[in-house]
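This one's a predicted model, so the numbers in the text were calculated from it and none came from an experiment.
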Amino acid sequence: MSKKINITRREFQDSYRRHYKLYRETTGSEKSRRLLLFYSVECGLKSLLMKDLGKNTYEEFVKCCGKEKRELTGHNISEMMKELNPQREYCLKNITLKRGGSVPPKQFNELWRYGAASADGEAEEKAEKTLVKIAEWIRTKL
């Protein structure tokens, strides 16, 4: 397994802003736009978590979180939000797939990266709207 790149808190913050700006300015493929939004939110949340914990690098962040909070260091936006916003204002739900099964929020990046067909377009739209609300909330915190 390869070692993760040791990103700084500032780099996560800049990635949040860059991806979110591109999401807002881009038209075309909904899945590609949603993927940008997902990664924007993920980067913003990691930056906020690192700020709260007083950590400046991803390596420090991972060590601080340990195994019991490993979900915070991956793609699990829901877990990151629970840590940062315990009121749970922004709830993301699983998206059901056309060919069966469902995708939890921590795998939305895979859903949109690979273009899997969802059974309910409204669920994807709702997830996108919630991610936009989270992105806007992040903007007020950075």
Side-chain angles (χ1 to χ4, degrees), residues 1-98 101-142:
M1 181 178 214
S2 64
K3 187 176 176 181
K4 302 252 184 201
I5 298 172
N6 195 21
I7 306 298
T8 66
R9 186 177 70 77
R10 170 63 106 190
E11 288 168 329
F12 275 121
Q13 182 176 316
D14 291 346
S15 290
Y16 152 76
R17 288 187 174 122
R18 186 175 54 254
H19 295 327
Y20 190 46
K21 181 179 188 282
L22 191 56
Y23 162 79
R24 289 189 324 264
E25 294 174 350
T26 303
T27 59
S29 169
E30 288 178 340
K31 292 191 183 295
S32 294
R33 289 184 74 241
R34 289 173 179 154
L35 184 61
L36 280 170
L37 177 61
F38 179 92
Y39 283 127
S40 169
V41 167
E42 179 185 328
C43 290
L45 292 174
K46 285 181 179 170
S47 179
L48 287 175
L49 285 165
M50 291 168 72
K51 181 180 177 183
D52 283 359
L53 295 168
K55 304 302 175 193
N56 191 49
T57 67
Y58 187 69
E59 192 173 272
E60 293 170 345
F61 175 56
V62 170
K63 284 180 186 174
C64 176
C65 288
K67 290 182 182 179
E68 66 280 356
K69 291 193 174 185
R70 187 177 17 201
E71 291 289 331
L72 299 178
T73 64
H75 301 291
N76 198 332
I77 288 174
S78 295
E79 287 300 315
M80 291 180 220
M81 284 301 294
K82 283 182 199 173
E83 191 77 19
L84 291 165
N85 186 350
Q87 298 84 15
R88 299 184 187 202
E89 287 177 60
Y90 312 106
C91 185
L92 292 163
K93 299 186 182 202
N94 290 3
I95 295 174
T96 304
L97 297 174
K98 258 187 187 172
S102 65
V103 178
K106 69 181 180 181
Q107 289 181 292
F108 285 176
N109 60 325
E110 292 178 47
L111 170 70
W112 295 323
R113 183 173 62 219
Y114 301 127
S118 69
D120 182 2
E122 284 184 34
E124 277 190 276
E125 287 176 26
K126 187 172 183 176
E128 181 178 3
K129 287 177 182 174
T130 301
L131 287 170
V132 167
K133 288 177 186 175
I134 295 169
E136 290 298 321
W137 176 81
I138 291 168
R139 187 176 5 199
T140 68
K141 301 292 182 188
L142 287 180

Checklist line | Student check: side-chain heavy atoms of Arg33 and Trp112 closer than 4.5 Å | finding: no

Margin query: Can you tell whether the side chains of Glu89 and Lys133 come within less than 4.0 Å, N to carboxylate O?
Written below: no

Notebook entry, point to check: Closest heavy-atom contact between Val41 and Leu131?
Noted result: CG2-O, 3.5 Å

Item checked: Donor-acceptor contact below 3.5 Å, side chain Tyr39 vs main chain Asn109 -> no

Check: Should Lys129 and Glu125 count as an ion pair when the cut-off is N to O under 4.0 Å?
Finding: no

Margin query: What's the separation between atom CD1 in Ile95 and atom OG in Ser102, rounded to the nearest 0.5 Å?
Written below: 9.5 Å

Check: Are Glu122 and Lys126 close enough, and set up right, to give a salt bridge (Lys or Arg N to Asp or Glu O under 4.0 Å), and what steps lead you there?
Finding: CA-CA 6 Å; Glu122 284 184 34; Lys126 187 172 183 176; over 6 Å; no

Margin query: Is it true that, when you exclude Arg24 itself, more than 12 heavy atoms of the residues, nucleotides or ligands shown sit nearer than 6.0 Å to its CZ?
Written below: yes

Item checked: side-chain contact (heavy atoms from CB on, under 4.5 Å), paired with Met80, selected from Thr73, Ile134, Leu45, Asn85 -> Leu45

Item checked: Glu71 versus Asn76, closest heavy-atom pair with distance -> OE1-ND2, 2.6 Å

Margin query: So does Glu11 get a backbone contact from the side chain of Ser15, meaning a donor-acceptor N/O pair under 3.5 Å?
Written below: yes

Checklist line | Sidechain-backbone polar pair: Glu110 side chain, Gln107 backbone, donor-acceptor under 3.5 Å | finding: no

Item checked: Nearest-0.5 Å distance that lies between atom NZ in Lys55 and atom CG in Leu49 -> 13.0 Å

Notebook entry, point to check: Do you know which two heavy atoms are closest between Phe38 and Lys106, and how far apart they sit?
Noted result: CZ-O, 4.3 Å

Next item on the list: Apply the test side chain to side chain contact (heavy atoms under 4.5 Å, CB included) to residues Phe108 and Ile77: give CA-CA distance (whole Å), side-chain angles for both, the deciding distance (0.1 Å), then the verdict.
Entry: CA-CA 10 Å; Phe108 285 176; Ile77 288 174; over 6 Å; no

Next item on the list: Can you see which heavy atom on Arg17 is nearest to which on Leu142, and at what distance?
Entry: NH2-CB, 3.9 Å

Next item on the list: Would you give the length of the straight line joining atom CG of Leu36 to atom CD of Glu25, rounded to the nearest 0.5 angstrom?
Entry: 11.0 Å

Item checked: Set of side chain to side chain donor-acceptor pair (under 3.5 Å) partners for Tyr20, sequence neighbours left out -> Glu136

Note to self: Walk me through whether Ile138 and Leu84 qualify under side chain to side chain contact (heavy atoms under 4.5 Å, CB included).
What the structure shows: CA-CA 10 Å; Ile138 291 168; Leu84 291 165; over 6 Å; no

Next item on the list: Please confirm whether the backbone N or O of Thr57 pairs with a side-chain atom of Thr8, one donor and one acceptor, at under 3.5 Å?
Entry: no

Margin query: What's the separation between atom CZ in Arg9 and atom CZ in Phe61, rounded to the nearest 0.5 Å?
Written below: 12.0 Å

Check: CE of Met50 to CG of Leu72: how many Å apart, nearest 0.5 Å?
Finding: 12.5 Å

Check: Glu124 and salt bridge (charged side-chain N to carboxylate O under 4.0 Å, His left out): which partner among Lys93, Lys98, Lys31?
Finding: Lys31

Next item on the list: Locate the shortest heavy-atom distance separating Asn94 from Pro104; write the atom from each residue and the value.
Entry: OD1-CA, 3.1 Å

Item checked: Note, Leu92 side chain near Ser78 side chain (heavy atom, < 4.5 Å) -> yes

Checklist line | Shortest non-hydrogen contact between Leu48 and Lys141, atoms and distance | finding: CD2-CB, 3.5 Å

Item checked: From Glu42 atom CD to His75 atom NE2, the distance as rounded to the nearest 0.5 Å -> 5.0 Å

